[in-house]
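The block underneath contains the structure these notes are about, expressed in structure tokens.
Side chains included, hydrogens not; waters and symmetry mates left out as well; all remaining heavy atoms used. Just so it is clear: chains get the letters A, B, ... in the order the sequence lines come, proteins before strands, and each one is counted from 1. Note that the structure is a prediction, hence the values are computed from the model and not measured.
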Protein chains: 2
Amino acid sequence: MNIKEVANRARLSTATVSRTINQSGLVRPRTAEKVRRAIQELGYYPNTQARALVSGRSQMFGLIISDIVNPFFPELVKSFEFAAIHRGYEVIVANTDYNSERMGGCVRRMIERKVDGVAIMTSEIDSHLLSELAHRRLPIVFLDVGKVKPLISNIRVDYSKGIGEAVQHIVSLGHKRIGFISGPLTLKSARTRRSAFLKCISARGIGQRRQSVVEGNHKIDGGELAMTQLLSLREPPTAVLTSNDLTAIGALRAITRTGLRVPEDISVVGFDDIELSRFTQPPLTTIRLSRDELGRKAFDALYETVEGQARAGHEIKVGTVLVLRESTAPAKSKPRFR
Amino acid sequence: MNIKEVANRARLSTATVSRTINQSGLVRPRTAEKVRRAIQELGYYPNTQARALVSGRSQMFGLIISDIVNPFFPELVKSFEFAAIHRGYEVIVANTDYNSERMGGCVRRMIERKVDGVAIMTSEIDSHLLSELAHRRLPIVFLDVGKVKPLISNIRVDYSKGIGEAVQHIVSLGHKRIGFISGPLTLKSARTRRSAFLKCISARGIGQRRQSVVEGNHKIDGGELAMTQLLSLREPPTAVLTSNDLTAIGALRAITRTGLRVPEDISVVGFDDIELSRFTQPPLTTIRLSRDELGRKAFDALYETVEGQARAGHEIKVGTVLVLRESTAPAKSKPRFR
DNA sequence: TTCTTTTTTGTAATCGATTACACGCTTGGC
DNA sequence: GCCAAGCGTGTAATCGATTACAAAAAAGAA
């Protein structure tokens with residue numbers, strides 16, 4: 001079922017069939033009609049591979065993420081794919097599993113499959129792999145890493161602003177002792193969020209005890225453990241910011257398990273605003289980072305680099321929104337801790 | 001950067017290079033060494049598209065799911081991809097969004113991209129699309145639909161057994177009034193689970209009032225709403241089975257919101273065992289359906305149909321496991337409802 | 001009608017790989 | 001020394017599309 005069969009059936013040449021399909025406008029309407037009928041009758045679809053071979057464009061983008069099971073990613077993937085399909089692109093998703101060796105494999109696969117561009121939404125990337133990609137003149141879009149170069153776009157999330165607003169909110173509620181549960185510090189994104197918090201706190205001149213910044217693992221159990229640590233301090237924080245919502249959910253569990261209440265005794269703020277956050281007990285106040293927007297903008301950046309006339313890489317900003325729910329409340333005047 | 005450049009650099013023909021790459025064993029070791037060096041120096045990767053064109057195999061599988069944002073799917077996708085990469089296949093994921101029109105688009109994309117097989121893990125499939133695929137001799141694996149035919153494998157989940165065990169568990173705890181919250185009845189999978197429940201109940205001769213089977217939407221809010229309905233009955237059920245875990249979580253919320261407790265007042269059983277279920281308050285008793293297994297077996301079925309000598313479709317069974325946590329307990333002898 | 005111009009269609013090269021077939025060089029048997 | 005067999009390598013066809021160029025057909029001008 002190839003173009004030749006279509007051509008035979010329509011008693012025309014493959015060139016004419018091709019021209020009809022690609023709307024080049026050089027085909028007489030009556031002829032085009034014949035072609036369309038033959039295509040219909042045979043149920044013909046053009047072979048994308050063959051097309052790719054001659055055009056040098058596979059019409060595929062790679063999307064490298066850490067782990068699709070992490071609830072941060074599915075929405076991002078979905079909006080990326082949605083945008084892609086809309087423009088006739090296909091998407092190859094690859095999970096690094098937070099593992100830089102796997103990352104190498106992902107990059108290799110992308111090159112072999114001749115994708116037209118790669119969105120790297122994870123931070124396990126070393127300069128060696130980067131140059132591998134640059135060498136092939138592959139358009140790239142990063143999340144929060146590196147600089148903008150001719151073919152390299154960059155999406156930058158303004159963590160400082162988001163975390164700043166959250167701290168502002170907490171401070172205005174009268175909290176003095178503010179804790180932070182970070183993600184695993186092996187992760188670039190976790191480090192970025194943590195240092196944004198630290199910077200923000202010191203900028204406000206709030207005395208920050210170093211023991212009230214602890215490390216989680218961006219999952220529920222890690223958040224629970226970290227919060228337990230914080231609760232065992234002589235003076236536990238009265239408000240806790242977290243590096244992502246799963247961590248916050250873990251913190252919620254640790255707090256209610258010790259018989260304290262959120263937000264009456266301790267306020268908790270999440271990060272990301274995953275869907276679940278609306279449904280926790282109590283619903284989570286959190287810093288929303290729109291994954292929809294991330295996915296869409298990542299695609300757009302690649303698309304414009306590939307198809308656009310402007311060949312330069314872009315710098316794309318993505319903001320955050322503080323979503324106020326019920327896990328934050330004014331600090332008690334007399335804390336119930338001794 | 002193509003095979004010709006490699007051949008030139010190694011002062012050999014493209015045929016020899018190709019033979020070296022494909023380990024056909026007809027190359028003198030010393031020659032092969034030259035080729036490998038040239039490949040190294042140029043950083044050459046074979047063009048998969050060109051390969052696909054001549055071999056007639058794209059080494060890609062399609063994976064059609066409802067919605068990657070639904071927590072049921074990410075694990076399935078991940079295990080499918082993992083298995084695929086392991087065997088040198090790439091995966092194209094497509095979301096139908098529970099929409100049968102989109103499904104048509106997904107199928108078309110799969111055909112255009114010349115995938116070597118399609119796993120359809122959703123039930124928006126009409127016979128027209130099916131014949132479209134069959135017409136192209138594409139190996140297919142379904143989840144819970146259709147019959148096994150030469151190129152069509154089928155994964156069958158034994159819902160009756162799983163739900164049977166759950167009902168057994170609930171009954172042995174002394175519950176008499178057992179409710180069920182189904183998924184949206186537009187979904188095949190939801191209907192299957194619901195009818196498995198009904199069959200199971202009637203087989204045990206438990207008087208089933210029809211008002212205690214209500215419809216949710218497989219999401220948290222739907223479960224909450226449906227549970228609220230059940231609670232407003234004159235004699236609410238003392239135990240509730242649900243069509244998936246999100247629904248159960250919604251039910252949990254509705255119950256605690258009205259001041260009742262789980263499991264003391266009402267027992268709740270989920271379905272699927274998504275990761276979150278371990279972390280609900282209380283942790284959810286649920287019927288585990290291993291998505292890992294689903295993904296892996298779906299891949300294996302396609303792989304064997306494509307590469308294996310046995311060209312027949314398979315029938316694959318996937319079981320369930322009742323996971324006992326803390327959302328189920330003995331029925332109170334004197335229910336606190338009037 | 002006849003010739004020119006323009007539009008439509010066809011022929012064949014091309015993309016980057018694989019592979020059937022042919023060719024050349026060793027090697028060994030006689 | 002000659003020929004057959006066998007191994008290693010090269011030449012060229014092929015996969016299914018697109019497209020430069022050539023050719024044919026239609027339209028317009030005279």
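Residues Pro29(B) and Ala50(B) both approach DNA chain D. Their nearest nucleotides, taken by heavy-atom distance, put Pro29(B) toward the 5′ side. Residue order along DNA chain D, read from the 5' end via each residue's closest nucleotide, puts Arg11(B) first among Arg11(B) and Val54(B). Projected onto DNA chain C by closest heavy-atom contact, Gln49(B) and Ala15(B) fall at different nucleotides, the more 5' of which corresponds to Gln49(B).
Contact annotation: Asn47(B) does not reach the phosphate of dC15(C) (side-chain N/O to OP1 or OP2, under 4.0 Å). The phosphate of dA17(D) (OP1 or OP2) has no side-chain N or O of Thr14(A) nearer than 4.0 angstrom. Note on Thr16(A): a side-chain N or O is less than 4.0 Å away from OP1 or OP2 of dG10(C). Phosphate contact (OP1/OP2 of dA17(C), side-chain N/O of Tyr45(B), threshold under 4.0 Å): absent. Taking only side-chain nitrogens and oxygens, Asn2(A) comes nearer than 4.0 Å to OP1 or OP2 of dG16(D).
If you take CZ of Arg57(B) and P of dG16(C), they are 24 Å apart, rounded to a whole angstrom. Nucleotide dA12(C) holds its P atom 12 Å from the NZ atom of Lys4(A), rounded to whole Å. Rounded to a whole Å, the CG atom of Leu12(B) is 18 Å from the P atom of dG24(C). In this structure, the CD atom of Gln59(A) is 14 Å from the C1' atom of dA17(D), given to the nearest Å. Atom CD1 in Ile111(B) sits roughly 14 Å away from atom P in dA17(D) (whole-Å rounding). Following rounding to the nearest Å, Leu26(B) (CG) and dT19(C) (P) show an atom-to-atom distance of 11 Å. One can place CD1 of Ile3(A) at 14 Å from C1' of dA12(C), the figure rounded to the nearest angstrom. Between Asn22(A) atom CG and dG16(D) atom P there is a gap of 17 Å when expressed in whole angstrom units.
Arg291(B) places a side-chain N or O within 3.5 Å of a backbone atom of Asp272(B) that can act as its donor or acceptor partner. Not one N or O on the side chain of Thr14(A) forms a donor-acceptor pair closer than 3.5 Å with the backbone of Ile3(A). A donor-acceptor contact shorter than 3.5 Å links the side chain of Asn70(B) to the backbone of Phe72(B). Side-chain atoms of Glu5(B) come within 3.5 Å of backbone N or O of Met1(B) as a donor-acceptor pair. Not a single donor-acceptor pair under 3.5 Å links the side chain of Ser153(B) to the backbone N or O of Val141(B). Thr48(A) contributes a side-chain N or O that, together with a main-chain N or O of Glu112(B), makes up a donor-acceptor pair within less than 3.5 Å.
Closest to the side chain of Ser18(B), out of dT18(C), dG10(C), dA17(D), is dT18(C). Comparing atom distances between the Leu53(B) side chain and each of dA17(D), dT9(D), dG16(D) picks out dG16(D) as nearest.
The base of dG10(C) sits within donor-acceptor range of the side chain of Arg19(A), with an N or O pair under 3.5 Å.
Using a cut-off of 4.0 Å between Lys/Arg side-chain N and Asp/Glu carboxylate O, Glu307(A) and Arg57(A) are scored as salt-bridged.
Contact annotation for Ile21(B): no contact, since no heavy-atom pair falls under 4.0 Å across all strands. Within the nucleic acid shown, Thr31(B) comes within 4.0 Å of sugar-phosphate atoms alone, with no base atom in reach, counting heavy atoms only.
Residue pairs satisfying the ring pair (Phe, Tyr, Trp, His ring centres under 6.0 Å) criterion with at least one member in residues 46-68 of chain B, sequence neighbours excluded, are listed as follows: Phe61(B)-Tyr89(B), Phe61(B)-Phe299(B).
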Which atoms of nucleotides 24-28 of chain D (N or O only) lie under 3.5 Å from a protein N or O atom, and what are those distances?
none

